[in-house]
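Residue numbering restarts at 1 for every chain, and letters A, B, ... go by the order of the sequence lines. Note: hydrogens, waters and symmetry copies are ignored here, and every other heavy atom, side chains too, is used.
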2 protein chains.
Amino acid sequence: MLDRRSVVPLYYQIQQFLLDQIHSGAFGPGEAILSEKEISARMGVSRMTVRQALKSLCSQGVLYSQRGKGTFVSATKLEKNFRNVLSFSEEMSKLGSRPSSKVICFEVAQPDIKGTEALKMKAADQVFILRRLRLADGIPMAIECSHIPVHFCPDLLESFDPATSLYETLAKQYGIHIAVTEEEAEAAVAKAEESRLLKIGKGSPVFHFVRTSYLRDGKPVEYVNSTYRGDRYRIVNRLTTETGKAVSR
Amino acid sequence: MLDRRSVVPLYYQIQQFLLDQIHSGAFGPGEAILSEKEISARMGVSRMTVRQALKSLCSQGVLYSQRGKGTFVSATKLEKNFRNVLSFSEEMSKLGSRPSSKVICFEVAQPDIKGTEALKMKAADQVFILRRLRLADGIPMAIECSHIPVHFCPDLLESFDPATSLYETLAKQYGIHIAVTEEEAEAAVAKAEESRLLKIGKGSPVFHFVRTSYLRDGKPVEYVNSTYRGDRYRIVNRLTTETGKAVSR
DNA sequence: AAGTGGTCTAGACCACTCG
DNA sequence: GAGTGGTCTAGACCACTTG
């Protein structure tokens with residue numbers, strides 16, 4: 001069952017094993033799984049290792065624990081796809097649409113004040129500005145305008161093929177992996193240029209997004225302004241109660 | 001420093017201590033904190049206990065760890081308030097506004113099809129429907145329409161004082177604590193009734209929200225339809241990469 | 001080679017729930 | 001009182017980073 005010679009940690013193997021069991025229906029929603037002691041005995045691992053696996057599944061919302069009672073399978077639909085850090089390409093692929101894009105402009109310039117602030121840059125620092133029309137199955141979905149400080153990827157103008165994914169290029173060519181993005185969304189109505197590019201009526205509802213993306217150490221790498229069609233896009237979130245607190249109930 | 005007689009767990013005391021240190025500036029953004037061994041030695045606790053505290057702070061985004069190097073303070077602004085499960089009252093208070101509301105209707109009825117589905121009810125089951133105009137500092141902000149199955153709180157019509165918080169009543173009177181809410185937001189333009197209630201022009205941008213809230217065991221307890229003013233409300237999110245995976249780097 | 005975090009063990013005591 | 005999860009210990013070995 002468990003492979004102790006594998007490079008995959010035991011707790012992760014246990015996690016996957018339990019996930020398989022749950023998906024196969026061995027434990028239905030609301031039902032208790034085996035106790036920590038049982039699992040550790042049957043699998044021949046220490047209870048702490050089992051707990052590490054269970055804790056992770058609890059934080060993912062697959063299980064929940066009740067002191068003195070047991071650990072139970074959540075009833076929430078697991079298949080629902082909530083948003084993580086996703087590029088437009090990834091998000092559309094996940095939804096089953098074919099993403100593409102048209103470059104409107106791609107240049108080196110100075111960002112506006114908000115961009116400079118968000119990227120924590122000095123006033124003179126420059127950024128790549130990539131403005132694209134984003135399409136899903138050939139239908140215009142959004143206008144996206146990315147700002148990336150030049151020092152992260154000095155030769156981006158040459159190395160980036162606009163037909164490919166920007167995030168992929170950043171990851172593969174420069175080792176830039178985004179860990180967190182902060183996002184603000186506003187409801188607005190389409191202005192003249194927006195309605196022309198998105199092929200919707202002037203005054204149609206749209207989302208305005210401002211996103212700032214950070215590396216794991218908290219350094220900002222990208223600042224994005226975008227406009228999404230309100231009739232073909234929706235924001236799906238999952239909100240939870242705070243974590244990191246001592247359990248009280 | 002640590003109180004071993006306290007009911008507060010040691011790992012939580014350590015967590016708070018580190019948070020205090022970080023906020024006081026003892027460790028700046030990007031700087032390494034003490035090593036796990038150092039902390040455990042200085043505080044007289046085992047390393048596993050220190051790790052439990054650090055893991056929690058890492059998952060909150062306050063710290064990040066690098067194998068072989070150390071544990072570092074993230075550079076992200078800590079003061080920014082991202083959304084957890086929050087009621088309108090809580091959210092507005094957090095933003096510094098005084099929340100209030102006017103009840104438009106409060107009755108027992110059958111929900112529409114979407115509500116029945118979201119709440120996983122049988123077609124004949126009934127819900128409380130509470131429709132309210134929500135105000136911040138006396139200014140209309142949103143129209144909210146809550147649906148709650150009657151069996152959760154049979155005498156809500158008597159026990160709920162519309163001048164108070166619905167969530168507080170649910171928690172205190174019935175022990176109902178929401179753990180997760182799923183939310184979908186669309187951009188739209190105000191219809192006649194909405195613009196009248198919210199005192200905005202017809203055709204002004206608004207958000208349409210559909211929210212379903214769940215208990216810890218995954219049972220749905222509340223289904224809410226709401227319309228927020230687009231000119232006075234914005235959605236702020238923090239998106240992260242997936243969790244629960246074995247570290248690869 | 002020395003130091004770091006990642007994983008794991010084999011115990012322990014506690015608070016809690018339930019019959 | 002028996003069983004559960006929550007907390008904690010004092011070690012251990014490993015992979016990784018850095019000088």
Side-chain angles (χ1 to χ4, degrees), chain A residues 1-16 18 27 31-59 62-74 175 216-217 243-249, chain B residues 1-16 18 27 31-59 62-74 175 216-217 243-249:
Chain A
M1 194 130 68
L2 295 182
D3 181 1
R4 298 191 93 97
R5 291 163 317 183
S6 163
V7 292
V8 179
L10 288 178
Y11 79 87
Y12 192 72
Q13 294 183 43
I14 297 170
Q15 206 177 304
Q16 291 307 116
L18 291 173
F27 304 106
E31 275 184 65
I33 64 170
L34 295 183
S35 75
E36 296 176 354
K37 221 175 98 188
E38 269 289 323
I39 298 175
S40 72
R42 293 201 189 187
M43 298 200 148
V45 300
S46 84
R47 193 180 142 217
M48 285 300 272
T49 304
V50 175
R51 277 183 65 74
Q52 195 174 354
L54 295 186
K55 213 172 169 188
S56 170
L57 292 176
C58 284
S59 75
V62 177
L63 299 175
Y64 63 98
S65 295
Q66 287 187 20
R67 153 134 59 170
K69 294 181 76 175
T71 302
F72 305 84
V73 179
S74 298
R216 201 154 67 120
D217 65 2
T243 55
K245 280 198 182 166
V247 179
S248 64
R249 333 191 345 96
Chain B
M1 196 131 67
L2 296 182
D3 181 0
R4 297 190 94 96
R5 291 163 315 181
S6 163
V7 290
V8 178
L10 288 178
Y11 78 88
Y12 192 72
Q13 294 183 44
I14 295 169
Q15 204 176 305
Q16 292 307 116
L18 291 173
F27 305 106
E31 277 184 63
I33 63 169
L34 295 183
S35 74
E36 296 176 355
K37 220 174 100 187
E38 269 289 326
I39 298 174
S40 71
R42 292 202 191 187
M43 297 201 154
V45 300
S46 85
R47 193 180 143 218
M48 286 300 271
T49 304
V50 175
R51 278 184 63 74
Q52 194 174 354
L54 295 186
K55 214 171 169 189
S56 169
L57 292 175
C58 284
S59 75
V62 178
L63 300 175
Y64 64 97
S65 294
Q66 287 187 21
R67 184 192 314 227
K69 294 181 75 175
T71 303
F72 305 85
V73 178
S74 298
R216 201 155 64 124
D217 64 3
T243 55
K245 281 196 183 165
V247 179
S248 64
R249 324 195 350 96

Determine: side-chain N/O of [X] to OP1/OP2 of [N], distance under 4.0 Å, yes or no.
X     : N      : result
B/R67 : D/dT17 : no
A/R51 : D/dT4  : no
A/Q66 : C/dT17 : no
A/K69 : C/dC18 : yes
B/Y11 : D/dT7  : yes
A/S65 : D/dT4  : no

Looking at B/S65, is its backbone amide N or carbonyl O close enough to the side chain of A/R216 to form a donor-acceptor pair, meaning the two atoms are under 3.5 Å apart?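 Yes, the answer is positive, given that a donor and an acceptor are paired below the 3.5 Å cut-off.
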Does B/Q13 reach the main-chain N or O of B/D3 with its side chain, forming a donor-acceptor pair under 3.5 Å?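 Judged by distance alone, yes, a pair lies under 3.5 Å.
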Taking it one step at a time, do A/V45 and A/R4 satisfy side-chain contact (heavy atoms from CB on, under 4.5 Å)? CA-CA 10 Å; A/V45 300; A/R4 298 191 93 97; 4.0 Å; yes
When we call it a touch if two heavy atoms are under 4.0 Å apart, what does B/L10 touch: a base, just sugar-phosphate, or nothing?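 Result for B/L10 = sugar-phosphate.
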Contact residues, residues 33-49 of chain A to DNA chain D [heavy atom, < 4.0 Å]: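 Close to the strand are A/S35, A/E36, A/R47, A/M48.
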What verdict does the side-chain contact (heavy atoms from CB on, under 4.5 Å) test give for B/M48 and A/M48, after you've listed the backbone C-alpha separation in whole Å, the side-chain angles of each residue and the deciding distance to 0.1 Å? CA-CA 10 Å; B/M48 286 300 271; A/M48 285 300 272; 4.0 Å; yes
Kindly indicate whether the side chain of A/L63, heavy atoms from C-beta on, has any atom under 4.5 Å from the side chain of A/L54.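 With C-beta onward as the side chain, the pair touches.
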